[in-house]
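Worth knowing before you read on, the calculation uses all heavy atoms, side chains too, and leaves out hydrogens, waters and symmetry mates. Keep in mind that this is a model prediction, so the values were computed, not measured. Throughout, residue positions are numbered sequentially from 1 according to the sequence presented.
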Amino acid sequence: MSTRSPRSGPNVGPFLPLVVFAGALLGACGDGAAPPDYTAEELAAAKQELRDHARLRTFEAGKLFGEEWVARAPNDAELRGLYAYQLVGWGMAREVREQADAILAEDSGNPWGIYAKAYAHLLDGESNLAVETVRKAWEASPQPEFAFLYLRALAPVDFHAARELLESFDEETRAWPEVLRMKALIESQARYTLGDPTWADTTRATLTELIERFPNHVIGYTRLANEAYQARRMDEWTTLMETALELAPGSGEVRSQHWRGLWQSELLPAEERQAAVEASMSAYREASPETVEGLQTMASTYRQMEDEERAAELEARIVESDPGSYHAMVVYLEETRRASRKQQEMWQAHGVDSPEYRAELPVVRDAAYRYLERPLYSDRFHGGVYLDLYSALEAMDPIPAEELAEAIRGLAKYERLNPYFTFGQAPLAMIDHTPYALEAVDIVREGMPVMMERLNESRDRFDTEGEWDQQLRGYLTGTYDVIGWAHFKAGRVEDGRHTLERALAISEGSRNVRYHLGQVYEHLAAEAEETGDTGAANNWLDQAEDSYIAGFGAARGENPNEAALEALYESRNGSREGIEEYLATLDERDRIRRRDRILESRVEAAGTYEPFTLARLDGELVDSADLEGKIAVLHFWGTWCGPCIVEMPEYQKFDERYRDDAEVAVISISNDRTNDVIEDYLAKNDFDFTVLVDDDYVTRAGVSAWPTTWFVDREGYIQFVKIGTALKLDEEFSWRVEALREATTGSP
């Protein structure tokens, strides 16, 4: 990644503000404008004061001070950029963007305008755009603020890239307090991302260095205080918070942390805690101008203390002050969250079928509608509100179809934190409960880039490519399931059937696909019955039954296949008589059907296979000639193969079953690039089956799909071939082996 050090960029020393100001002043005088009412020294001091507010986290006063100075010096880009950061402390994305636009309107390449624009992206949740934008600002003009934002934006998106960026900075840049702060944050993140708890000590050392080198920066104290609080070292917490409060008595951020510690810890007796919090609130009021930001900070604390009356009083003042502000929007949002929390409490206490739970559903719905109908600052929280609305509507009986459809449209437009829900479960509900089945297909297709981006972001969390591949297959199965089911419900039966069968080919274990296919087969049976084709009708019903049984076996409990299977039994038998016995023998019936199908799949014209001499992981060579006279099972797989990974625990059991059987040789051939990958995977999962390393044998042997398994008789002829995963590998592979054992001859 390309970066520039302070020495390689333009001079950004203490005289830069004066140079910028001088240029702006000359331009203003040349245009015949009135001379400014401040000196260059006063402007430089104003910028330093804004940096001081950032250093002390006193954004309440910093915003007011910045407003005054931007009005006086509107053409100074650095001043606007520093003011924009005060607005970031308030979460005011729209105003931050306005500052960026004002700077860039005068100079499209101004690094301070680019910096402010990057912050606007970050506040709007556009992480990748924020990274790309602030990178341009940093490369154009290295500034401490730019370095901090670059790291801040990059760390959540790409932890390893953030570490590399930090290491690429020169010593002087790494010594900036803003960069030290981010170094500690990245080290803290490493503790969890790298699974190494010793990074906690490194983080603490960096924060201690920050305090020692920059004792007037409040963030070092508050971060160390938070770490002490988590470990319940309350004496240390008290000392650190007292220092932070001495530095920044008017910081709502610092005060909020102080109030939370006083209220939630065992530092004080329970009866003394509220008085201590309110004493700290009083000190805050004296040290800070009254702002909606401060009022909201105190209201939030009162809610934590369950003092709803005082919280409501403060929130009413916020709304009265500016009903269209960001902070008023947060007040409105809290109303919907309270309703949602109450709904969850009723669910946990009484269950989804209880009157108490059902009484809360219209409360949540109405709160969501009130929120969405208000003149809001932005649509930032729309996704969560639509999610609450959808959840309430979908749980109602009867379900209001049109309202549910509108809620799902809102989800699709705004909700990105839960894409698996937005573009998976919600479209299924649209298909099942509204007349807009094909619209659900559009929603799923439009959401595919979002889903793929989320999947790619999670790729490094998987130990093998195969595990990630299985995750991808699960997503693709769900996508085909929604599309196929939608087509069927919209009357496009054959399109639906083929798409659902494609979903099943990707992942055989999906109970939703099994259920939906069973429904399609029942529909086709009814059509055949109408034309008088009883044989075809029975064949379709048999397929429906098989599909339900397979789906029922995949996961017991709340499973749609169970009810569908019972309904099908009653329909075919005219009553429910004997159903308990039928259900009790499901596993055995399924087992018999699977065994019959497997034994019928024996290769009609068996042939031999390409001989091999392949190395084990320990280097010992295995020659296929040594397998003569034995039943051999040759299993081709790779750690990069998702379906292979899924069935490996069952394969281990199968290998153990025949490990001491002199008549059977069970051998796996891995297609991985390196032995290290295979060895790490086996060690992690405690697998010890025999693995041979592929030397491009798969190409010579014509293997083109994974997993593939050959079942070879004593004469060296392949009698069974299994491509893809087995539903119950240990059992199904054993059937093939025993069939070959029982045969008098395996040759054709």
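Side chains of W485 and N512: a donor-acceptor N/O pair is absent below 3.5 angstrom, by distance only. Side-chain contact of T202 with E187: a donor-acceptor pair under 3.5 Å is absent, judged by distance alone. Donor-acceptor pairing under 3.5 Å is recorded for the side chains of E522 and Y548. A donor atom on one side chain and an acceptor atom on the other are not found under 3.5 Å apart for H523 and Q519. The closest side-chain donor-acceptor pair between D688 and Q652 falls under 3.5 angstrom. At a cut-off of 3.5 Å, with distance as the only test, a side-chain donor of D696 or T699 sits close to an acceptor on the other residue.
E562 places none of its side-chain heavy atoms less than 4.5 Å from the side chain of L583. Two residues are said to be in side-chain contact when any heavy atoms from C-beta on lie closer than 4.5 Å; R736 and K722 meet this criterion. Contact of the Y609 side chain with the V712 side chain is registered, since non-hydrogen atoms from C-beta on lie closer than 4.5 Å. Side-chain contact check for F654 versus V737: some heavy-atom pair is nearer than 4.5 Å. Put simply, the side chain of P643 does not reach to within 4.5 Å of the side chain of W637, judged on heavy atoms. H487 places none of its side-chain heavy atoms less than 4.5 Å from the side chain of H498. Inter-residue side-chain proximity for R595 and E731 is flagged as unmet; no heavy-atom pair is nearer than 4.5 Å. With a 4.5 Å cut-off on side-chain heavy atoms, D481 and L500 count as touching.
Ionic pairing of R597 and E600 is not present here: no N-O contact between side-chain nitrogen and carboxylate oxygen is shorter than 4.0 angstrom. The residues E545 and R593 are annotated as salt-bridged, a charged nitrogen and a carboxylate oxygen being separated by less than 4.0 angstrom. We find that R741 and D661 are joined by a salt bridge, their nearest charged nitrogen and carboxylate oxygen being less than 4.0 Å apart. A salt bridge links R497 to E501: one of the charged nitrogens lies within less than 4.0 Å of a carboxylate oxygen. For R572 and D542, the salt-bridge test passes: some basic side-chain N is under 4.0 Å from an acidic carboxylate O.
Between F733 and F711, the distance from one ring center to the other falls under 6.0 angstrom.
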Using the rule given for side-chain contact (heavy atoms from CB on, under 4.5 Å), can you reason through F687 versus M648, listing the C-alpha separation, both sets of side-chain angles and the distance that settles it, and then say yes or no? CA-CA 9 Å; F687 294 152; M648 274 301 143; 3.7 Å; yes

Evaluate W706 against N671 for side-chain contact (heavy atoms from CB on, under 4.5 Å), listing each step before the verdict. CA-CA 9 Å; W706 282 262; N671 186 238; 3.8 Å; yes

Check the pair Y658 / V633 against side-chain contact (heavy atoms from CB on, under 4.5 Å), numbers first and verdict last. CA-CA 10 Å; Y658 289 101; V633 180; over 6 Å; no

Could you walk me through whether R191 and T203 pass the side chain to side chain donor-acceptor pair (under 3.5 Å) check? CA-CA 9 Å; R191 177 182 179 184; T203 303; over 6 Å; no

Verdict with reasoning, R416 to F423, per side-chain contact (heavy atoms from CB on, under 4.5 Å): CA-CA 9 Å; R416 293 295 180 270; F423 302 112; 3.5 Å; yes

One pair to check against salt bridge (Lys or Arg N to Asp or Glu O under 4.0 Å): R135 and E132. What are the steps and the verdict? CA-CA 5 Å; R135 177 182 58 80; E132 289 304 309; 2.9 Å; yes

Salt bridge (Lys or Arg N to Asp or Glu O under 4.0 Å), that's the test. Do R714 and E663 meet it? Break it down for me. CA-CA 9 Å; R714 301 175 195 272; E663 296 184 349; 3.5 Å; yes

Quick one: do D596 and R591 satisfy salt bridge (Lys or Arg N to Asp or Glu O under 4.0 Å)? Show the steps, please. CA-CA 9 Å; D596 289 345; R591 184 174 181 275; over 6 Å; no

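Residues P156 and A153 share a closest heavy-atom pair of CD-O, 3.4 Å. The two atoms that bring A429 and E394 nearest to each other are CB-CG, 4.3 Å, heavy atoms only. Residues G551 and R511 come closest through the heavy atom pair O-CB, 3.8 Å. Taking all atoms of both residues into account, the shortest heavy-atom contact from W710 to V721 is CD1-CG2, 4.1 Å. When every heavy atom of A486 is checked against every heavy atom of L438, the shortest pair comes out as O-CD2, 4.3 Å. Taking every heavy atom of both residues into account, G424 and V482 meet most closely at O-CG2, 3.9 Å.
Residue pairs that meet the side-chain hydrogen bond (donor to acceptor under 3.5 Å, both in side chains) test with at least one member in residues 443-456, sequence neighbours left out, are N128-E453.
Proximity of a side-chain donor or acceptor of T708 to a complementary backbone N or O of A705 within less than 3.5 Å is detected. Of the possible donor and acceptor atoms, none in the side chain of N418 sits under 3.5 Å from a partner among the backbone N and O of F421. For the pair D694 (side chain) and D672 (backbone), a donor-acceptor distance under 3.5 Å is absent. A donor-acceptor pair is defined here as one N or O able to donate and one able to accept, closer than 3.5 Å; no such pair exists between the side chain of K183 and the backbone of I186. Using modelled atom types, one side-chain atom of N685 and one backbone atom of Y681 make a donor-acceptor pair closer than 3.5 Å. No side-chain donor-acceptor contact under 3.5 Å links S624 to the backbone of P611. Side-chain N or O atoms of T479 include one that pairs as donor or acceptor with a backbone N or O of Y475 at under 3.5 Å. Judged by distance alone, the side chain of T585 and the main-chain N or O of Y582 form a donor-acceptor pair under 3.5 Å. Between the side chain of S601 and the main chain of I598, a donor-acceptor pair closer than 3.5 Å is present. Judged purely by atom type and a 3.5 angstrom limit, T422 has no side-chain atom pairing as donor or acceptor with the backbone of P419.
Open room surrounds CZ on R673; 12 or fewer heavy atoms of other groups in view lie less than 6.0 Å from it.
From S510, atom OG reaches atom CZ of R473 across 14.0 Å, with rounding to the nearest 0.5 Å. Taken to the nearest 0.5 Å, the CG atom of L568 stands 11.5 Å off from the CG atom of N561. Taking CD of E650 as the reference point, atom CG of D730 lies at 5.5 Å (rounded to 0.5 Å). For the atom pair CZ (F169) and CE (M182), the distance works out to 9.5 Å, reported to the nearest 0.5 Å. Note that CG of L617 and OG of S670 are 7.5 Å apart. Values are rounded to the nearest 0.5 Å. Atoms CZ and CD1, from R602 and I718 in turn, are 13.0 Å apart once rounded to the nearest 0.5 Å.
With sequence neighbours excluded, the residues that form a ring pair (Phe, Tyr, Trp, His ring centres under 6.0 Å) with F612 are Y697. Under the rule for a ring pair (Phe, Tyr, Trp, His ring centres under 6.0 Å), Y436 has no partner lying at least two apart in sequence or in another chain.
Of the residues T709, D655, T690, the one that meets the side chain to side chain donor-acceptor pair (under 3.5 Å) test with H635 is T709.
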